[in-house]
Amino acid sequence: MVRLLGPQDRFLSTIEKQYPRVSVHVRGNEITLTGSEADTEAVRRLIEELQLMIRNGQYFGEADVTTSARMLGIDSTQSPSELLGQAILTSRGKSIRPKTLGQKEYVDAIDENTIVFGIGPAGTGKTYLAMAKAVQALQRKEVERIILTRPAVEAGERLGFLPGTLTDKIDPYLRPLYDALNEMMDPELVPKLLAAGTIEVAPLAYMRGRTLNSSFVVLDEAQNTTPEQMKMFLTRLGFGSRMVVTGDITQVDLPAGASGLRLVTRVLDNIDDIHFSRLTSADVVRHSLVGRIVDAYTEYDAQKQAQRYESEQAREFANRAERRNGGHTGRPLKRRSS
């Protein structure tokens with residue numbers, strides 16, 4: 001009961017927030033639910049799933065309670081304890097597993113396809129889960145090496161001339177990938193694998209002219225690739241390799257704004273063995289505010305796009321009217337003096 005309710009009854013508070021029309025009373029080892037039949041049945045199913053997680057030795061937090069409630073709200077026949085209980089990796093007592101239905105479908109797609117595109121907003125676990133699958137494939141000897149890459153593009157800032165060697169200059173761009181690696185593997189083992197070439201972390205420019213065989217390749221921040229870079233990267237695919245491309249098409253930092261990730265969704269959409277996983281704010285596993293921030297920006301962008309469309313339509317209507325009038329704008333023509 002202590003694990004079910006959480007520290008200081010936080011899980012209980014989360015359940016009550018998810019189902020405000022149900023009163024939950026706890027006395028000893030008994031839980032009493034008061035409310036409509038449909039609402040109390042939903043809470044009962046959620047509590048049963050949380051009990052299954054506890055019996056299976058799974059550790060969960062407030063985000064997992066919210067995710068489980070959302071999954072059951074979409075389909076009451078689903079089993080969050082089963083879907084969220086399949087760990088990809090276990091490192092230093094921490095299990096890495098999908099935490100939403102969208103993440104579970106994304107992980108399954110990586111298992112079933114040669115090239116997978118993970119497209120979604122910040123905090124949806126696109127890169128983290130892809131790297132976990134890469135480490136898992138290496139540990140299972142399904143591949144011989146892991147290659148992690150991302151374009152070296154500033155996020156709207158000009159960093160100027162950085163001091164040090166070329167490696168020192170590009171290291172800040174690749175630091176998030178190193179950090180994730182150290183979380184998933186023994187930190188003492190990572191430098192040895194890097195030195196041996198079993199794991200390679202490099203900027204996208206280093207991929208040109210190579211053929212990547214027996215590798216698990218992850219391209220991060222793919223929204224900052226140009227169409228030419230994206231084509232170059234995808235054609236590096238060799239035998240026995242898999243690729244995962246991750247990015248957020250709403251955060252393009254390229255000066256011209258022409259993103260290779262945007263284009264590839266149209267070019268490769270109907271090719272077998274290539275899968276596009278589109279994650280949403282419902283799959284955000286960071287602070288709950290992140291999901292609301294993503295939704296707010298999405299709504300703002302939709303409004304701006306609608307205004308832009310209306311402006312273009314009005315301009316096109318004015319142009320058609322001018323053409324019908326023979327190019328006259330309605331102003332009287334000045335008569336030339338003889």
Side-chain angles (χ1 to χ4, degrees), residues 110 113-120 122 124-135 137-138 143-162 164-181 190 193-194 197-239 241-268 274-277:
I110 293 174
N113 297 272
T114 300
I115 300 178
V116 173
F117 291 84
I119 302 172
T124 51
K126 306 179 297 294
T127 305
Y128 198 74
L129 290 173
M131 291 184 64
K133 292 299 292 182
V135 173
L138 184 66
V143 296
E144 295 177 2
R145 57 180 174 162
I146 297 173
I147 299 175
L148 309 173
T149 184
R150 59 175 2 194
V153 178
E154 294 106 339
E157 301 173 85
R158 292 291 175 265
L159 301 180
F161 292 100
L162 295 172
T165 64
L166 178 61
T167 302
D168 295 330
K169 293 176 189 295
I170 62 177
D171 188 66
Y173 299 102
L174 306 174
R175 178 51 48 189
L177 301 178
Y178 286 112
D179 292 342
L181 268 180
V190 172
L193 294 175
L194 288 168
T198 305
I199 297 178
E200 179 182 347
V201 183
L204 181 59
Y206 285 18
M207 296 297 110
R208 185 172 293 280
R210 302 175 61 183
T211 301
L212 307 175
N213 293 317
S214 301
S215 304
F216 197 115
V217 193
V218 178
L219 170 59
D220 187 29
E221 297 291 335
Q223 76 275 4
N224 289 329
T225 62
T226 64
E228 294 78 14
Q229 285 176 320
M230 179 63 75
K231 179 183 177 183
M232 178 274 292
F233 171 77
L234 294 174
T235 53
R236 301 307 96 199
L237 180 68
F239 295 107
S241 291
R242 282 184 277 171
M243 285 181 167
V244 180
V245 180
T246 68
D248 178 3
I249 55 177
T250 68
Q251 295 194 39
V252 178
D253 299 315
L254 292 171
S259 170
L261 184 60
R262 281 198 184 122
L263 177 63
V264 80
T265 58
R266 300 194 297 269
V267 175
L268 304 182
I274 296 178
H275 180 84
F276 289 87
S277 290

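Quick note: numbers below take in every heavy atom, side chains included, and nothing from hydrogens, waters or symmetry partners.
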Side-chain contact test, heavy atoms from C-beta onward, threshold under 4.5 Å: evaluate it for Leu204 versus Gln229 and give yes or no. yes

Start with the C-alpha gap between Tyr178 and Val201, add the side-chain angles, then the distance that decides, and say whether side chain to side chain contact (heavy atoms under 4.5 Å, CB included) holds. CA-CA 8 Å; Tyr178 286 112; Val201 183; 3.8 Å; yes

Heavy-atom pair with the smallest gap, counting every atom of Phe276 and Val264: CZ-O, 3.5 Å

Sub-4.5 Å side-chain heavy-atom contact between Phe216 and Val244: yes

Could you check whether any side-chain N or O of Ser215 sits under 3.5 Å from a backbone N or O of Ser241, counting only pairs where one atom can act as donor and the other as acceptor? no

Could you tell me whether a side-chain N or O of Thr149 sits under 3.5 Å from a main-chain N or O of Ala202, the two making a donor and an acceptor? yes

If we only count heavy atoms from C-beta on, is the Arg150 to Asn224 side-chain gap below 4.5 Å? no

Can you tell if the side chain of Thr265 reaches within under 4.5 Å of the side chain of Phe117, non-hydrogen atoms only? no

Quick one, Val252 and Arg262 - any side-chain contact, counting heavy atoms below 4.5 Å? yes

Would you name the heavy atoms of Ile147 and Arg210 that are closest together and state the gap between them? CD1-NH2, 4.2 Å

I would like to know whether Leu148 and Asp220 meet side chain to side chain contact (heavy atoms under 4.5 Å, CB included); could you show each step before the answer? CA-CA 8 Å; Leu148 309 173; Asp220 187 29; over 6 Å; no

Residues Asn113 and Ile274: closest non-hydrogen pair is OD1-N, 4.2 Å

Counting only heavy atoms not in Glu200, do more than 12 sit closer than 6.0 Å to its CD atom? yes

Please check this pair: side chain of Thr225 against backbone of Gln223, looking for a donor-acceptor N/O pair closer than 3.5 Å. no

Could you tell me which residues satisfy salt bridge (charged side-chain N to carboxylate O under 4.0 Å, His left out) with Lys133, sequence neighbours excluded, listed by chain and number? Asp111

For Met131 versus Leu177, what's the shortest heavy-atom pair and its separation? CE-O, 3.3 Å

Any side-chain heavy-atom pair from Ile110 and Leu129 closer than 4.5 angstrom? no

Minimum-distance pair of heavy atoms, taken over all atoms of Glu221 and Pro151: O-CG, 3.4 Å

Contact check, side chains of Leu237 and Met243, non-hydrogen atoms, under 4.5 Å: yes

